[in-house]
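Owing to the predicted nature of the structure, the values given are computational and were not obtained by experimental measurement. Sequence positions, counted from 1, serve as the residue numbers for this chain.
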Amino acid sequence: MAGRINDDDVKAVRDAVPIDAVVSEYLQLRNAGGGNLKGLCPFHDEKSPSFQVSPSKGLFHCFGCQEGGDTIAFVMKIDHLSFSETVERLAAKAGITLRYEEGGYNPGHQRGERIRLVEAHQAAARYYIEQLGSPEAEIGRKFLAERGFDQAAAEHFGVGYSPAGWDYLTRFLRGKGFSDKELILSGLSQDGRRGPIDRFRGRLMWPIRDVGGEVVGFGARKLREDDNGPKYLNTPETPIYKKSQVLYGIDLAKKDIAKVSRAVVVEGYTDVMACHLAGVTTAIATCGTAFGGDHIKILRRLLMDNGSARVIFTFDGDAAGQKAALRAFEDDQKFAAETYIAIAPDGMDPCELRLAKGDQAVAELVEPRTPLFEFALRQIVKRYDLETPAGRAAALDEAAPIVARIKNVASQHEVAVQLAGMLGILDTQFVVKRVAQIARWARDRGGRGPAPAPAHHRQTGAPVQAPTGPAGPALNLRSPAHRTERELLKLALQRPELVSPAFDAYGIDEFTAPPYAAVRQCIQDAGGATGAPPDYLDAVREAAPNDTVRALVTELAVEAIFAKTVDEAYAGDQLVTVRLRAVDRRIRDVQGTLARLGGNGDPERLAAVQNELWVLTQYGQSLRNNGAAAL
């Protein structure tokens, strides 16, 4: 085996590859002052940039999630590579030949798995490009020409052709030193009766690259009638290809997306080609899957979530296209950018439109026209009978939450008035108030949907109300209740083993400060504190409904615990104090209920309330006498 990489070579790689150049391949960076650059962190979701890069120091640090390090650490983290794989990859970019302490110069079979799979795809891409010029590929060249793509266009996008034979590519890559195991793992080959055979045969091939420009998969288009496979066949899920995390054309579009703060999402490979050739160089497409959350994360890092950013979706005008548009709208609130939809009047896609009407028609198509929320509203309203009061009411119930999700509050009122007109409801103020009510409720809930139905406390029988989210009065750290709740949450985040399993039985309502209730909800949503896994804090931060709560989780996770000795006894004191206050609050509520019932209330109801008061009183006394043992 090759030994460890020579230390001088590692240093040479660090010095040769500027960290800002590497990071810029994955996200947009802007001036942060003091010679530093900033952007949206690629390692956690955030709406304002806390990720900073220092080119002079060759370091990065995120003040939100605390990830940091040098160029090698960044690439290791973002591409899930080992140290040696990362150094080898950066060395290849810099043209540095690596030496190994135990001899040998980077033998191919000893390189990391990811690098080997990427190299196999790059070799395959070159092979397919060469094959596009073969006599057999005439059908592929004709397909491209009929859609307005010449040889230069094919070369620009790396379009190729896979021969129709069983194992042409497999034998070619074997000759390049790749093993059968690597070919199967890469998805380029598949098991046959007598060994590996080519996965793609007799098809037009589009290389799919990641944000860094490396080929990680292929999209293959059927050309012949006797091909019984699907119209489009994509690379299967592999260690380097996850269809929900790649966007076709992102390597070509990323600089212009960052430059003009605009992205155009189309439906297919030829649509991306048509848009780019028509001057719309911000076009990208998904690869065999719907546009979703992971795709949004990629775009947000490039768009930087500034207020002028635009994302334009183009969909076919048919029912499937309309369904895709509504599906895209479901994730609309994850964008800070404004989202629009563009559908050609005659239902043509960008490739067809370019053929029929030229480049200018494509450029005009993707100019923002209809906000995505407006399109979604019209599709919803069309489904109801607006001639009846019941139909109008049902349409309002479904449409009002969409208007409430409009990010521009100033526009929200105006669209609510438009909705009233669309529905034929004369009382526009009724619709406006309904929308405002839903929007206010969503803000209070942190955008997490309806509050769950009341549960019951596991030990006291007290109803547990869901938290209202981080909204509410500022935390009063002089308040004994708030101080203890804060201390208990710090223990649950930093030393979960000291408060488990008792902590996980605590209701959300036992935390009186709404921000603390929200953090308690995050811990519950992340699976609880009992048996916390290594990525426990990451899971809790991921469960946060917004950046405000996520920041509080981080703050509590790093803030020092007040006690000099942090042990089970101290943790037990905090658990008991928080629980006792919750029990005392519930006792006061029950006493109030008894007072309202008086002596003339329903006997069964009166007995139940008296019994609850007795149980609570006994439980409270037990906590005072026995401490954590009574939990």
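- Using a 4.0 Å cut-off between charged side-chain N and carboxylate O, E485 and R483 make no salt bridge.
- By the 4.0 Å N-to-carboxylate-O rule, E214 lies close enough to R89 to be salt-bridged with it.
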- Query: Step by step, would you call R221 with R203 a side-chain contact (heavy atoms from CB on, under 4.5 Å)?
  - Reply: CA-CA 5 Å; R221 207 306 184 166; R203 288 178 170 245; 5.7 Å; no
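- Interatomic distance, CD1 of I19 versus CG of D70, reported as 6.5 Å (0.5 Å rounding).
- For the pair R99 and I5, the minimum side-chain heavy-atom distance is 4.5 Å or more.
- Panel note: side chain D251, backbone R209; no donor-acceptor pair is recorded below 3.5 Å.
- Counting all heavy atoms, side chain and backbone alike, I96 lies closest to A16 at CD1-CB, 3.9 Å.
- Remark: the backbone N or O of G293 is not paired with any side-chain donor or acceptor of K297 at under 3.5 angstrom.
- For R116 and E119, the salt-bridge test passes: some basic side-chain N is under 4.0 Å from an acidic carboxylate O.
- R199 places no side-chain N or O within donor-acceptor distance of the main-chain N or O of L188, the cut-off being under 3.5 Å.
- Between the CG atom in L117 and the CD1 atom in I240 there is a gap of 5.0 Å [rounded to 0.5 Å].
- A salt bridge links R541 to D538: at least one charged side-chain nitrogen sits closer than 4.0 Å to a carboxylate oxygen.
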- Stepwise, does the side-chain contact (heavy atoms from CB on, under 4.5 Å) test hold for V159 with M205? CA-CA 6 Å; V159 182; M205 306 296 297; 6.0 Å; no
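- Contact check for F172 versus F178: no side-chain heavy atoms found under the 4.5 Å cut-off.
- Judged by the 6.0 Å and 45° rule, R520 forms no cation-pi pair with F511.
- If you check the side chains of T289 and S244, you find no donor sitting under 3.5 Å from an acceptor.
- T235 contributes a side-chain N or O that, together with a main-chain N or O of F218, makes up a donor-acceptor pair within less than 3.5 Å.
- A donor-acceptor distance shorter than 3.5 angstrom exists from the side chain of S186 to the backbone of L183, with no hydrogens or angles considered.
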- Item | Chi angles and distances behind the side-chain contact (heavy atoms from CB on, under 4.5 Å) call for R262, V311 | CA-CA 6 Å; R262 192 175 85 155; V311 178; over 6 Å; no
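- For F313 and F291, the ring centers are positioned less than 6.0 Å apart.
- With contacts defined as side-chain heavy-atom distances shorter than 4.5 Å, the pair V10/F83 qualifies.
- In this structure, OG on S261 lies 6.5 Å from CG on L303, to the nearest 0.5 angstrom.
- The shortest non-hydrogen separation linking L537 to A557 is CD2-CB, 3.8 Å.
- A distance of 8.5 Å separates NZ in K38 from CG in N31, rounded to the nearest 0.5 Å.
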- Criterion salt bridge (Lys or Arg N to Asp or Glu O under 4.0 Å) on E237 and K243, from CA distance to verdict: CA-CA 7 Å; E237 297 280 303; K243 63 183 179 181; 5.3 Å; no
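- Residues G35 and P55 share a closest heavy-atom pair of O-CD, 3.4 Å.
- In this structure the side chain of P239 reaches within 4.5 angstrom of the side chain of L185, judged on heavy atoms.
- Heavy atoms of other residues, nucleotides or ligands lying less than 6.0 angstrom from NZ of K259 number 12 at most.
- A donor-acceptor pair is defined here as one N or O able to donate and one able to accept, closer than 3.5 Å; no such pair exists between the side chain of D191 and the backbone of P196.
- Classification of the F43-F60 ring pair by plane angle, with boundaries at 30° and 60°, yields tilted.
- With rounding to the nearest 0.5 angstrom, the OH atom of Y269 is 4.5 Å from the SG atom of C287.
- Side-chain rings of Y26 and F74 approach one another, their centers coming within less than 6.0 Å.
- Within 6.0 Å of NZ on K242 lie more than 12 heavy atoms contributed by other residues, nucleotides or ligands.
- Of all heavy-atom pairs between A532 and P496, the closest is CB-CG, 3.8 Å.
- Side-chain contact of D256 with T282: a donor-acceptor pair under 3.5 Å is absent, judged by distance alone.
- The two residues A492 and A529 come nearest to each other via the heavy atoms O-CB, 4.3 Å.
- F503 and Y506 have parallel rings, their planes meeting at less than 30° on a 0 to 90° scale where 60° marks the start of perpendicular.
- Counting only distance, with no hydrogens or angles, the side chain of H121 and the backbone of V118 share no donor-acceptor pair below 3.5 Å.
- For E542 (side chain) and A526 (main-chain N/O), no donor-acceptor pair under 3.5 Å exists by modelled atom type.
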- Pair L247-V265, side-chain contact (heavy atoms from CB on, under 4.5 Å): steps then yes or no: CA-CA 9 Å; L247 287 166; V265 182; 5.9 Å; no
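- The side-chain heavy atoms of L489 and I523, taken from C-beta on, include a pair separated by under 4.5 Å.
- For the pairing with K11, the side-chain hydrogen bond (donor to acceptor under 3.5 Å, both in side chains) check across D15, D8, D9, D7 returns one residue only, D15.
- In this structure, V266 and I284 have side chains that are not in contact, with every pair of non-hydrogen atoms separated by 4.5 Å or more.
- Residues R30 and L37 fail the side-chain proximity criterion, which asks for heavy atoms closer than 4.5 Å.
- Scanning both residues, A153 and L277, for their nearest heavy atoms gives CB-CD1, 3.8 Å.
- Panel note: side chain Q66, backbone F63; a donor-acceptor pair is recorded below 3.5 Å.
- Remark: side-chain polar atoms of D525 are not paired, donor with acceptor, to backbone N or O of A543 under 3.5 angstrom.
- Ion pair R174/D180 flagged as a salt bridge, since at least one NZ, NE, NH1 or NH2 atom sits closer than 4.0 Å to an Asp/Glu carboxylate oxygen.
- Taking 4.5 Å as the limit, some side-chain heavy atom of Y570 sits within range of a side-chain heavy atom of E487.
- Between F200 and Y128, the ring planes lie perpendicular to each other; the angle is over 60°, past the 30° to 60° tilted range.
- To the nearest 0.5 Å, the span separating CG on L299 from CG on D294 amounts to 11.5 Å.
- For the pairing with V280, the side-chain contact (heavy atoms from CB on, under 4.5 Å) check across I312, V366, T314 returns one residue only, V366.
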